[in-house]
Amino acid sequence: MEEQFILRVPPSVAERIDRLLSENASSSSDDKSLDLSFSEDGRSGTFMIGNERFPTSLLDLPSIVESYKTYDDSVLIKTADIGQVIMVREEGDAAPDVVEYKHGLTPPMRDARRRRFRREPDLHPELVQRVEKDLVNIMAGGTAENVDIAEDGGINARSNATKKAMAPPPAAKPDVPDGGGNVGEPPRSDGSDSDESDDSM
């Protein structure tokens, strides 16, 4: 697999990069050098084109993007999984305060985290601690306590003994004759009514 990244730049910088890539090496231009460097935190840095500097941020994409290439326009070969984007900003733009970019790369993935993905469940911290304690107890060879979640979101934990004491008694079974078979049916004999086929024919 190759190492790849997505570089998202402002339109003015994109024109300069496009012009730089389309010019041949012999032409003279101020934008000859491109440089990208990051600070020690690994999330912020500087993008240089020529002598001009632009602040950058490394953000996580909401989903993994696969990149492919082709040699014959019919067979696609996967080359990388891309999970981050380098955002280049103008000098006056504010730096993002989150590490995950809320949009994907294409218009249908706009605000993808809110529109496309399932919300994380709202779990009560006490319930999480109770389940963790029960799992540790089960792994140690013990038993877990039964946990009932009340309608108001509260947690009621009862031991097995309390739950058994509160359980209703089992219903009485109806009287069944000890005949062992269905009523009104003659007993079956195994010799004359067998389903086995006769091989002598």
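Along the sequence shown, residues carry numbers from 1.
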Next item on the list: Please list, chain by chain and in numerical order, all residues satisfying side chain to side chain donor-acceptor pair (under 3.5 Å) with Ser37, sequence neighbours excluded.
Entry: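 Testing Ser37 for side chain to side chain donor-acceptor pair (under 3.5 Å), a comparison that skips the adjacent residues, returns none.
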
With sequence neighbours excluded, residues passing side chain to side chain donor-acceptor pair (under 3.5 Å) with Thr46:
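Counting only residues at least two positions away or on another chain, Thr46 forms no side chain to side chain donor-acceptor pair (under 3.5 Å).
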
Could you work out, with side-chain contact (heavy atoms from CB on, under 4.5 Å) as the rule, every residue matching [X], not counting sequence neighbours?
X	answer
Asp72	Thr70, Ser74, Val75
Gln129	none
Glu66	Tyr68, Lys78, Asp81

Notebook entry, point to check: Taking only residues at least two apart or on different chains, which pairs with a member in residues 83-94 satisfy salt bridge (charged side-chain N to carboxylate O under 4.0 Å, His left out)?
Noted result: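 Every candidate salt bridge (charged side-chain N to carboxylate O under 4.0 Å, His left out) pair involving residues 83-94 fails, so no pair, neighbours aside, qualifies.
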
Practice prompt. Could you note down all residue pairs passing salt bridge (charged side-chain N to carboxylate O under 4.0 Å, His left out) where residues 35-62 supplies at least one of them, sequence neighbours left out?
Written response: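 Those involving residues 35-62 are Arg16-Glu52, Arg43-Asp60.
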
Polar side-chain atom of Ser39 near backbone of Gly45 as donor-acceptor pair, under 3.5 Å: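 Checked: no pair found.
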
- prompt: Would a distance-only check, ignoring hydrogens and angles, find a side-chain to backbone donor-acceptor pair under 3.5 Å from Ser57 to Met87?
  reply: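 Answer holds: no.
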
Consider only side-chain heavy atoms of I, L, V, M, F, W and Y, link residues closer than 4.5 Å, and tell whether [X] and [Y] are in one cluster.
X	Y	value
Phe5	Val85	no
Phe54	Phe38	yes
Leu7	Leu61	no
Leu58	Ile6	no
Ile64	Ile86	no

- Query: How far apart are the C-alpha atoms of Ile49 and Val9, what are their side-chain angles, what is the distance that settles it, and do they pass the side chain to side chain contact (heavy atoms under 4.5 Å, CB included) test?
  - Reply: CA-CA 11 Å; Ile49 180 167; Val9 296; over 6 Å; no

*asked:* Strictly by ring-ring contact (aromatic ring centres under 6.0 Å, His included), give each pair with a member in residues 69-95 just once, sequence neighbours left out.
replied: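 Listed once each, the pairs would be none.
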
With sequence neighbours excluded, what pairs up with Lys69 under the salt bridge (charged side-chain N to carboxylate O under 4.0 Å, His left out) test?
->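 Expected list: Glu2.
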
Discussion item. Quick one, Phe47 and Val13 - any side-chain contact, counting heavy atoms below 4.5 Å?
Written reply: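 Yes, side chains in contact.
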
Going by heavy atoms in the side chains, are Pro10 and Val88 under 4.5 Å from each other?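 When only atoms from C-beta onward are counted, Val88 and Pro10 do touch, with a gap below 4.5 Å.
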
Next item on the list: Provide the closest heavy-atom pair for Ile82 versus Ser67 in the form atom of the first, atom of the second, distance.
Entry: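 Taking Ile82 first and Ser67 second, the nearest heavy atoms are CD1-CB, 4.1 Å.
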
Task: Closest non-hydrogen atom pair, Pro96 against Leu59 - done: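 Nearest pair, atom of Pro96 first, then Leu59: CG-CD2, 4.0 Å.
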
Next item on the list: Run the numbers on Gln4 and Thr79 for side chain to side chain contact (heavy atoms under 4.5 Å, CB included), then give the verdict.
Entry: CA-CA 9 Å; Gln4 300 177 0; Thr79 57; 3.0 Å; yes

Please list, one pair per line, the donor and acceptor atoms closer than 3.5 Å that link side chains of residues 98-108 to other protein atoms, with sequence neighbours excluded.
| unit_1 | atom_1 | unit_2 | atom_2 | d |
| --- | --- | --- | --- | --- |
| Glu100 | OE1 | Arg113 | NE | 3.1 |
| Glu100 | OE2 | Arg113 | NH2 | 2.9 |
| His103 | ND1 | Asp111 | N | 2.8 |

